[in-house]
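Model, not experiment: these values are computed from the prediction. Throughout, protein chains are lettered first and strands after them, A, B, ... in sequence-line order, and every chain is numbered starting at 1.
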Amino acid sequence: MLDVKLLRERPDWAKQELAKVGFAVEAVDLLLECDSQRRRLQHQLDTERAQRARQSRELGRLSAEEREQARDEMRALGARIARGERELAELERRTEAMLLEIPNLPRPQVPVGEGENGNKVVRLELVPRAFDFEPLPHWDLGERLGVIDFERGVKLAGTRFYVMTGAGARLERALVDWMLDVKITEQGYLEVWPPLMVNSAMVLGSGHLPKFRDTMYRDAEEDFWFIPTAEVPLTNLYAGEILDASRLPIYLTAYTPCFRREKMSAGRDVRGIKRGHQFDKVEMVKVVAPEASDQELETLVENACELCRRLEIPFRVVQMCTGDLGFTAAAKYDVEMWAPGCGEWLEVSSCSNCADFQARRAQIRFRRGAGERPEFVHTLNGSGLGLPRTLIAVLENYQNQDGSVTVPKVLRPYMGGLEVIRPPESKRG
RNA sequence: GGAGAGGUGGCCGAGUGGUCGAAGGCACCAGAUUGCUAAUCUGGCGUACUGGGCAACCGGUACCGAGGGUUCGAAUCCCUCCCUCUCCGCCA
């Protein structure tokens, strides 16, 4: 959520910036009109309420007869105030609703562009391995290895669900364990085990509501929303709080399943495990002071890259242009692993600096020192990493001509020392 | 799920219709003082919106779990909901 004052005081600049992210800026004028009405009414109401308070106080000291007389006037004033209050509430509701639909402003260093084409590859590490055979896509590999079962996943739940068994299930678990260990022992993150369902205030705070209502699962009877990412509970961990500056920066990490409806992606990425309704992810969230967030984004990305590097999988970092930032990000990098089987770069991490956008929605503030005014923190989030796509990249990059898959060195301690995942046939032989 | 108790400022805790943004204490900050790692005294010490000074400031309004209601006026009375605690029931 943007600061209304910013829109009020620098409307032209704000509109110019919002145009860069592809927002229809006419909405700003509507909002400002509503806002100025709101302020006018607020001022009038304040005056009337002050008058009522003063006269009511005096009324207490009047004699019985005098009081009877004054009461009629006061009743009228009270009714006028009540009317004004209802009107004010409506105006507040409308301005708030509009404000909640306006996307974040880009940071100044973000390249201006309109969509994917404006994105820039800012880093490329490890050239793709040259295969002397035709690498298989993971859906073939997984089935041949007997570690991914698509049919039974559909039977159990429906399309976009799958089952992992044996070494596949263990590989998933190994990845989670290894990533978390790197986060907490080397990169300074605090491990968190959050609820997988949160209430609507939290999803509003993270910026998923109201705009992305249709992308989430929710309980039909109670105010529970299945988290689409651990970013939601992690970012909101300090919602409504005023933190002491000495606590910043806060680095949080969590492994959680994530749930997404994927209605908007109907027909896209239907094969394989790239895009499911449920997937595992290790998430990183940072809560930092405003002046630190740009630099913190760089290290956040680096934290994600380090995992790719240690898995020894080719990857690149893409800087999102203004047109591809999404709703909440003020700056964003995607980390993509190369998948030689399906022949595409897979987004395994998306790292965003949300600046004070989420902090304002969720009321996450900090105080620099005793007596200082509270300020909004900046929040950042990034995957570290998304599991299915990392798993795809592992399978496809580490596949061998005989259909087996070598286990990345860093994961072997988490796989009981297993070095190669072999198809059932070769196990027998 | 049933019964009971309760939700007040960073914390503890008064307050049952008007002068309460809210006593008192703790914590915290500033100053004073004391020959000493502390005590004492004085003052300050919430958030948001808003008007003016376009700055450290002064004023107004709102906020005592949330939302409604009664009233000239509500932290205080009524209703609904949420949450916490205790006991019982049920259960992974």
Quiz item: If we take the P atom in both B:rG1 and B:rG73, what is their distance in whole Å?
Solution: 38 Å

Quiz item: Quick one: is B:rG60 close enough that its OP1 or OP2 comes under 4.0 Å of any side-chain N or O from A:R54?
Solution: no

Exercise. Remember a base hit wins even if backbone is also touched, and classify A:R8 as base, sugar-phosphate or nothing at under 4.0 Å, heavy atoms.
Key: sugar-phosphate

Exercise. Write down the partner of B:rG53 under the Watson-Crick or G-U wobble criteria, each distance required to be under 3.5 Å.
Key: none

Quiz item: Is the phosphate of B:rU71, meaning OP1 or OP2, less than 4.0 Å from a side-chain N or O of A:R52?
Solution: no

Quiz item: From B:rG73, B:rU61, B:rU47, pick the nucleotide closest to the side chain of A:D46?
Solution: B:rU61

Quiz item: If we call it a pair only when both distances are under 3.5 Å in a Watson-Crick or G-U wobble match, what pairs with B:rC41?
Solution: B:rG31

Quiz prompt | Any A:R373 side-chain nitrogen or oxygen under 4.0 Å from OP1 or OP2 of B:rA56 | solution = no

Quiz item: Within the structure, does a side-chain N or O atom of A:R38 lie under 4.0 Å from either OP1 or OP2 of B:rU50?
Solution: yes

Quiz item: Taking atom C1' in both B:rU70 and B:rC78, what distance in whole Å separates the two?
Solution: 7 Å

Exercise. Sticking with atom C1', work out how far B:rU34 lies from B:rU40, rounded to a whole angstrom.
Key: 8 Å

Quiz prompt | Interatomic distance, A:E222 CD vs B:rC83 P [rounded to whole Å] | solution = 9 Å

Quiz item: Mind checking the P distance from B:rG67 to B:rC12? Whole angstroms is fine.
Solution: 22 Å

Practice problem: Spell out, as yes or no, whether a donor-acceptor pair under 3.5 Å connects the side chain of A:Q37 to the backbone of A:C34. | Solution: no

Exercise. Searching all strands shown, indicate the nucleotide that pairs with B:rC85 (Watson-Crick or G-U wobble; both distances under 3.5 Å).
Key: B:rG4

Quiz item: Taking any strand in view, what nucleotide pairs with B:rA14 in a Watson-Crick or G-U wobble way, both distances under 3.5 Å?
Solution: none

Quiz item: How do A:H43 and A:E372 order along RNA chain B: which one's closest nucleotide is nearer the 5' end?
Solution: A:E372

Practice problem: Tell which nucleotide pairs with B:rC20, taking only Watson-Crick or G-U wobble pairs whose two distances are both under 3.5 angstrom. | Solution: none

Self-check item: A:E48 CD to B:rU61 P, straight-line distance once rounded to whole Å
Solution: 13 Å

Exercise. To the nearest Å, give me how far apart CG (A:L41) and C1' (B:rA62) are.
Key: 14 Å

Quiz item: Across all strands, who's sitting opposite B:rC91 as a Watson-Crick or G-U wobble pair, both distances under 3.5 Å?
Solution: none

Quiz item: When the distance from CE of A:M74 to C1' of B:rG18 is rounded to whole Å, what number comes out?
Solution: 11 Å

Quiz item: Just to confirm, is there a sub-4.0 Å distance from OP1 or OP2 of B:rC72 to any side-chain nitrogen or oxygen of A:R75?
Solution: yes

Self-check item: Nearest-angstrom distance from the residue atom CD1 of A:I364 to P of B:rU47
Solution: 18 Å

Self-check item: Integer angstrom distance from the C1' of B:rU42 to that of B:rU37
Solution: 24 Å

Quiz item: Which nucleotide in the list B:rG46, B:rA48, B:rU61 gets nearest to the side chain of A:R365?
Solution: B:rA48

Quiz prompt | C1' spacing across the pair B:rU33 / B:rG21, given as an integer number of angstrom | solution = 33 Å

Quiz prompt | Nearest-Å distance once atom C1' is located in both B:rC64 and B:rA75 | solution = 5 Å

Exercise. Would you mind reading off the distance between A:I81 atom CD1 and B:rU71 atom P, rounded to a whole angstrom?
Key: 15 Å

Quiz prompt | Short side-chain to backbone donor-acceptor contact, A:H138 and A:G341, under 3.5 Å | solution = no

Quiz item: Can you tell me if A:E396 uses its side chain to pair, donor with acceptor, with the backbone of A:P137 under 3.5 Å?
Solution: no

Self-check item: Protein-nucleotide distance (A:E9, atom CD; B:rU50, atom P), rounded to Å
Solution: 10 Å

Self-check item: Close side-chain approach of A:T328 and A:N104, heavy atoms under 4.5 Å
Solution: no

Practice problem: Determine the Euclidean distance between corresponding C1' atoms of B:rA62 and B:rG9; express it in Å to zero decimal places. | Solution: 15 Å

Quiz item: Which base sits across from B:rU76 as a Watson-Crick or G-U pair, both distances under 3.5 Å?
Solution: none

Quiz prompt | For A:S265, the option from A:R268, A:K263, A:E262, A:R261 that meets side chain to side chain donor-acceptor pair (under 3.5 Å) | solution = A:E262

Self-check item: Nucleotide opposite B:rU70 in a Watson-Crick or G-U pair, distances under 3.5 Å
Solution: none

Quiz prompt | Parallel, tilted or perpendicular: rings of A:F226 and A:Y217 (30°, 60°) | solution = perpendicular

Quiz prompt | A:R39 vs B:rG51: side-chain N/O to OP1/OP2 distance below 4.0 Å | solution = yes

Quiz item: Is any side-chain heavy atom of A:M164 less than 4.5 Å from a side-chain heavy atom of A:L391?
Solution: yes

